[in-house]
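What follows is a set of notes on a single structure, which appears directly below.
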Amino acid sequence: MKINRITIGIAGMLLMGTGCDVKDPIYYTPHPDHGKIVLTTEWSDRSANVEIPDNYTVQVGNYREEVSEATCILDHLFEAGTHAVYLCNPAEYITVDGTVAKVARVAGRDGESEASFIYPMPEWFFSCATEVTVEKDHVHTLTASMRQQVRQLTLLVEPEGIDPDQLLSIEGWLTGVAGELDIEHTMYTGTSDVALDFAKIADGPDTGKWSVTVRLLGISGPDQTLCVRLYLAGSASSAIQVNSDLSDALSDFNRDKKTPLGLTARLVIVPDPDVEAGFTATIEDWKTGGGGSGIAI
């Protein structure tokens with residue numbers, strides 16, 4: 001009988017404890033049926049001279065918010081589950097439609113015809129695509145690593161074979177450039193051309209060379225060709241057309257975008273009485289380096 005009384009007493013205590021848990025559940029936050037997110041953005045993946053944007057947009061599922069702080073609590077209660085997260089900053093000459101960033105287009109000349117080029121110097125653009133798993137009655141910490149998505153490219157050529165003052169201008173375009181970037185899947189599409197307007201360097205170790213600098217979302221497709229037209233004094237209005245394959249030199253362009261890329265080559269110009277301009281030219285020996293250290297005029 002003594003053993004039975006002890007057993008009944010323990011069973012009664014367990015029932016009382018269970019009844020209290022059902023009536024008075026313990027919650028850890030003021031939002032027991034939802035979760036909150038504390039977002040921190042990390043900006044180390046950028047060029048040394050590129051500043052952190054003043055603000056950016058974050059989208060979690062269907063919720064969208066404009067943010068200016070590096071760390072903030074998103075002003076929303078999120079349903080439990082896994083949500084896709086996208087972040088990007090506003091950048092002039094770049095628009096974002098869904099998860100696809102697009103570079104603005106401008107008119108120009110492609111050889112002898114009117115053409116549409118992508119804008120050559122868009123503002124610096126960053127993005128991040130990630131996800132977060134939300135639980136009820138929890139505050140989640142999410143760190144988003146922002147990636148610089150625009151890379152600087154400088155092309156520098158050194159004329160050979162003529163008096164440097166004889167070369168009046170160099171203009172052209174680069175093919176196989178990405179006009180669009182899917183930030184969710186890191187896919188480069190919208191294969192386009194970008195116009196190039198070379199300038200002569202007037203000061204520094206690269207004096208007398210010609211250079212041009214552009215900013216690109218990336219390259220698209222297997223083939224990238226530099227197409228230029230040279231105008232020489234004494235050759236009337238005739239231009240010397242030169243094409244140069246840059247596919248190998250730009251094959252890794254979409255990686256390490258925070259590092260500016262400079263390419264240098266020899267621009268060899270030789271007399272040729274059989275052509276209207278009186279000269280022919282080739283661009284030879286592309287190498288990584290350079291970048292126009294002097295002042296262009």
Side-chain angles (χ1 to χ4, degrees), residues 45-47 50 84 86-111 113-130 145-157 170-198 211-229 241-265 283 286-288 291:
D45 188 16
R46 72 183 199 277
S47 302
V50 176
Y86 305 105
L87 303 94
C88 64
N89 65 290
E92 192 172 10
Y93 300 107
I94 293 178
T95 59
V96 179
D97 183 6
T99 62
V100 178
K102 301 179 181 181
V103 183
R105 307 193 75 85
V106 294
R109 299 198 67 83
D110 184 346
S113 61
E114 292 292 333
S116 174
F117 297 97
I118 63 168
Y119 190 78
M121 292 291 284
E123 284 191 345
W124 300 108
F125 177 70
F126 294 82
S127 72
C128 175
T130 184
S145 297
M146 305 297 290
R147 183 187 179 193
Q148 181 177 316
Q149 295 291 10
V150 171
R151 188 176 188 182
Q152 179 172 294
L153 171 66
T154 297
L155 303 178
L156 185 147
V157 294
I170 305 175
E171 61 183 31
W173 59 96
L174 175 64
T175 72
V177 174
E180 301 178 2
L181 167 64
D182 185 332
I183 61 178
E184 179 181 8
H185 303 103
T186 317
M187 294 179 58
Y188 298 87
T189 57
T191 304
S192 306
D193 300 345
V194 60
L196 305 175
D197 188 10
F198 285 78
S211 71
V212 62
T213 296
V214 292
R215 296 176 188 165
L216 306 176
L217 273 181
I219 61 170
S220 176
D223 301 316
Q224 287 71 43
T225 302
L226 171 64
C227 309
V228 297
R229 308 175 79 209
Q241 181 75 40
V242 188
N243 293 339
S244 181
D245 185 7
L246 283 178
S247 303
D248 289 342
L250 295 176
S251 60
D252 289 330
F253 184 83
N254 296 340
R255 303 178 185 177
D256 190 22
K257 289 186 177 180
K258 67 182 178 181
T259 302
L261 176 62
L263 298 174
T264 64
I283 300 178
W286 283 107
K287 293 181 174 61
T288 301

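Note that the numbering runs from 1 along the sequence shown for the chain.
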For this session: Determine yes or no for a side-chain-to-main-chain donor-acceptor pair under 3.5 angstrom, with Thr191 supplying the side chain and Gly176 the backbone.
Result: no

For this session: Could you tell me whether a side-chain N or O of Asn254 sits under 3.5 Å from a main-chain N or O of Ile219, the two making a donor and an acceptor?
Result: yes

Exercise. Is there side-chain contact between Leu156 and Leu263, with heavy atoms separated by less than 4.5 Å?
Worked result: no

Seminar exercise, completed: side chain to side chain donor-acceptor pair (under 3.5 Å) filter on Thr130, not counting sequence neighbours, yields none

For this session: Starting at CZ of Phe125, measure out to CE of Met146 and round the result to the nearest 0.5 Å.
Result: 8.0 Å

For this session: Check for a donor-acceptor pair, side chain of Arg105 on one end and backbone N or O of Ile118 on the other, with a separation under 3.5 Å.
Result: no

Exercise. Within a strict 4.5 Å, meaning less than it, do heavy atoms of the Leu226 and Ile283 side chains meet?
Worked result: yes

Exercise. Will you find, in the side chains of Tyr93 and Glu123, an N or O donor that is under 3.5 Å from an N or O acceptor?
Worked result: no

Exercise. Are a donor atom and an acceptor atom from the side chains of Arg151 and Ser47 found within less than 3.5 Å of each other?
Worked result: no

Exercise. At what distance, to the nearest 0.5 angstrom, does CH2 of Trp124 lie from CG of Asn89?
Worked result: 12.0 Å

Exercise. Could you state the interatomic distance from CZ (Phe117) to OG (Ser192), rounded to the nearest 0.5 Å?
Worked result: 10.5 Å

Exercise. With distance as the sole criterion, is a donor-acceptor pair present between the side chains of Thr189 and Ser220 under 3.5 Å?
Worked result: no

Problem set entry | Passing candidate, side chain to side chain contact (heavy atoms under 4.5 Å, CB included) with Phe126, options Ile183, Asp45, Val50 | Val50

